[in-house]
4 protein chains.
Amino acid sequence: MRKKEGDKQTAILDAAVQVFQREGFAGAQVAAVAVEAGIATGSVYLYFKGKDAILDGVFERFWCKVLERIEGLPATEPKDQLADQLGAFFDSLSEDRALAEVYLHEHHSFLARKSGVGFDAFARCVSLGEEVFSRGVKSGQFDKGISVSLGRAFVFGGVRASLEFWLSQDSLSAAQVRKRTLRMALSALTPRGLA
Amino acid sequence: MRKKEGDKQTAILDAAVQVFQREGFAGAQVAAVAVEAGIATGSVYLYFKGKDAILDGVFERFWCKVLERIEGLPATEPKDQLADQLGAFFDSLSEDRALAEVYLHEHHSFLARKSGVGFDAFARCVSLGEEVFSRGVKSGQFDKGISVSLGRAFVFGGVRASLEFWLSQDSLSAAQVRKRTLRMALSALTPRGLA
Amino acid sequence: MRKKEGDKQTAILDAAVQVFQREGFAGAQVAAVAVEAGIATGSVYLYFKGKDAILDGVFERFWCKVLERIEGLPATEPKDQLADQLGAFFDSLSEDRALAEVYLHEHHSFLARKSGVGFDAFARCVSLGEEVFSRGVKSGQFDKGISVSLGRAFVFGGVRASLEFWLSQDSLSAAQVRKRTLRMALSALTPRGLA
Amino acid sequence: MRKKEGDKQTAILDAAVQVFQREGFAGAQVAAVAVEAGIATGSVYLYFKGKDAILDGVFERFWCKVLERIEGLPATEPKDQLADQLGAFFDSLSEDRALAEVYLHEHHSFLARKSGVGFDAFARCVSLGEEVFSRGVKSGQFDKGISVSLGRAFVFGGVRASLEFWLSQDSLSAAQVRKRTLRMALSALTPRGLA
DNA sequence: CATGAATGAGACTTCATTCAT
DNA sequence: AATGAATGAAGTCTCATTCAT
């Protein structure tokens, strides 16, 4: 797990994801992260202010990547675009099991701080999602009886839970879970009674 | 002898929910729980083996209550029964904001232990949900292209996220969130293309 | 291990010996002594002021018994009488393995307090031993080059160690160890050069 | 990096001996040992796994020193060599009153663990003593009617008791007690009837 | 006398963070 | 910049003792 000497910040984040997954954030020791990153304990503090900042760093990197993907998506039909957005979120986590577990267990404490570059990226992702949702509502593709933020929260939560499910089993592949999850997500937002 | 005054076990659980909400489980001190419960620190250990056991106790009480509600539901149409089950889950949390927050933040560590009376109750709730889902799939009400456990996970996660949303805002009442959430949940599982 | 209801003090002492042997004095809980004695924790404090007092009680009972035996010995030749005294000490411990272990491990803390009925009995035993030793020195049976109290301490310590040895093995019976130990003890005090 | 300043391990052991003597092992606080050693409480745990390990460390150092002395003794007549061995043991303790008291009070708990470098050194000392004893028995200098291990235990215990005696008084010097003790020890093992 | 639930001071130990090198 | 030994505050849990019943 020796990282390129040139990027200790990255090495620390990678190490942190591994250690946080194994021990949980609360149970993880900064010294263990340092060992995993192949550097000295004290060096961690040259790159991060403290333990919390490492977790923030993990999610900052994550959300910036997701944001990048989402912003790179072509503007298509609301339904398709929303599916692409949720898919990007799903993929960003399913590509890294350790990160996915850390997300499931520790993301709430990241959100609680409500500030920082990472939080802004997160908020922007949410915002982009809600924009697409709004467009869909206007065009009648999405149920207008659901508040936009509630709808966004619901499908987001559903995707999150699907990931958790995927991690817990071996029968379904990430692709299978992804496909079914997106179908459910869109279905959830689609007005019923309508064909 | 000094008799058991009232119900200290209950008092501790109630206190724990408050303290865990305020400080988070990791940040909460057993001494603070004791103060909140109006007893001495050491007394907590007469009722719970340790700090972890208190958290287990909180969720054991929660899931046993949910299970009781769910088992008390009449056997109706799969769609209705599933809505009732998810509603019971939603209600059990929306009735107690502090418990809801503790649920959102700490439930994963409860699940990680995978044992105890509380876990059994949780597993039974999951099981009951999947049974209803299965029935619905057979009767054609639910999409048969979704694996039962994935579908259950998705809607469960959606409801969880709706609760989180509800806690974060003031515009929508619990009843409103509940109603829309259940509609989304059922929609998610309903085959599309069907009228 | 239920004791006669009439003598809880005795029951507590008997129980204490068992528990102190198993756990050591420091590791023993008063509650465990109470359980072993078949009474309530609080009741212990009706008979003993505290945990220390129980240990004192154990050794008080022990030394009073030893004193009784020693005082009951006939006045004979110093060599024989000293052997009888040491034998009485040895027997009082070898008759009760648990007590012997407690003696070996905890007697020093009993002595450190230097007061109480038990300590007086102990001091009297020592004194009686030294008297006989002195007589033996005068009559030339014992080495006059050894200070009386040092000689007494040495043989006492030797007997103590023999007991410890006896507890640690199974080849030699108590009687065998006793016999050889007394021979060594007398030999230790007998002037040499008389070869 | 902060280099190891001096020898903290040694400082801790020295401090521990003082504190254990004053308070007894059970009553001693790790914090007090740290203060006595002039370091922070937490630093103790950089050198020792826990409180028990400190006590083990004290006796490990002690027995290794005794072993070194004993192994350095010239091979002479069994009587002389045994006297030298016991003398080395006596000296190692009489040179440090605090250590002697700790030995008297806490050595049994060290032995109870029956493992570690210190225990091996102890066992080796015992073994060397028994070898010499055996040789003496074969050459007729020592009483063949005493089991080797019992004889070793007896004289060992006698020396231990003499040390305890020496600590308790002021009339006899260490040298005087030593001389008389060794005479008694050898006498104890010498066959009688050879009068 | 008897009970045993309750108490709460106190100890061990951990670990995020610092800083001399 | 890098190191890792040192720090010391803080928290969990124990258990001798008390006292209301």
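Order of the sequence lines sets the chain letters (A, B, ...), proteins ahead of strands, with each chain counted from 1. Computed from a predicted structure; not experimentally measured.
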Please list, one pair per line, the donor and acceptor atoms closer than 3.5 Å that link side chains of residues 28-35 of chain C to other protein atoms, with sequence neighbours excluded.
none

Acceptor/donor pairs from residues 10-22 of chain D side chains to any protein atom, 3.5 angstrom cut, sequence neighbours excluded:
from	atom 1	to	atom 2	distance (Å)
D:T10	OG1	D:D7	OD2	2.9
D:D14	OD1	D:R61	NH1	3.0
D:D14	OD1	D:R61	NH2	2.8
D:R22	NH1	D:E36	OE1	3.4
D:R22	NH2	D:E36	OE1	3.4

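Remark: B:E23 CD is packed, more than 12 non-hydrogen atoms of other residues, nucleotides or ligands lying under 6.0 Å away.
Every residue meeting the side chain to side chain contact (heavy atoms under 4.5 Å, CB included) condition with A:K65, not counting sequence neighbours, appears here in chain and number order: A:R69, A:E95.
Remark: D:E101 does not engage D:R97 in a salt bridge, criterion side-chain N to carboxylate O under 4.0 Å.
For D:S43, the listed nucleotide lying nearest its side chain is F:dT7; candidates were E:dC1, F:dT3, F:dT7. Distances from the side chain of D:Y47 to the nucleotides F:dA6, E:dC1, F:dC13 place F:dA6 closest.
For B:K8, no side-chain nitrogen or oxygen approaches OP1 or OP2 of E:dA5 to under 4.0 Å.
Between A:V66 and A:F62, the closest side-chain pair of non-hydrogen atoms falls below 4.5 Å.
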Can you run through DNA chain F from 5' to 3' and write each base as (, ), [, ], | or . depending on how it pairs? Watson-Crick or G-U wobble, both distances under 3.5 Å. .||||||||||||||||||||
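Rounded to whole Å, atom C1' of F:dA16 lies 12 Å from atom CZ of C:F20. Separating the CZ atom of C:F48 from the C1' atom of E:dA2 is a distance of 16 Å, rounded to the nearest angstrom. Atom C1' of nucleotide E:dC12 and atom NZ of D:K49 are separated by 14 Å, given to the nearest angstrom. Distance, A:K51 NZ to E:dT17 P: 8 Å, rounded to whole Å. Following rounding to the nearest Å, C:L46 (CG) and F:dT17 (C1') show an atom-to-atom distance of 12 Å. The CD1 atom of B:I54 sits 11 Å away from the C1' atom of F:dC13 (whole-angstrom rounding). Rounded to whole angstrom, the span from the CD atom of B:Q9 across to the P atom of E:dA6 amounts to 11 Å.
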Check step by step if side chain to side chain contact (heavy atoms under 4.5 Å, CB included) holds for A:L93 and A:L104. CA-CA 10 Å; A:L93 286 173; A:L104 291 173; over 6 Å; no
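Here the two rings, on D:F59 and D:F122, have centers that are 6.0 Å apart or farther.
Taking every heavy atom of residues 23-41 of chain B and every atom of DNA chain F, pairs under 4.0 Å involve B:A28, B:Q29, B:V30, B:T41, by number.
Identified under the side chain to side chain donor-acceptor pair (under 3.5 Å) test for residues 105-119 of chain A, with sequence neighbours left out: A:D56-A:R113, A:W63-A:H107.
Heavy-atom nearest nucleotides on DNA chain E were determined for D:G42 and for A:Y45, and the one closer to the 5' end corresponds to D:G42.
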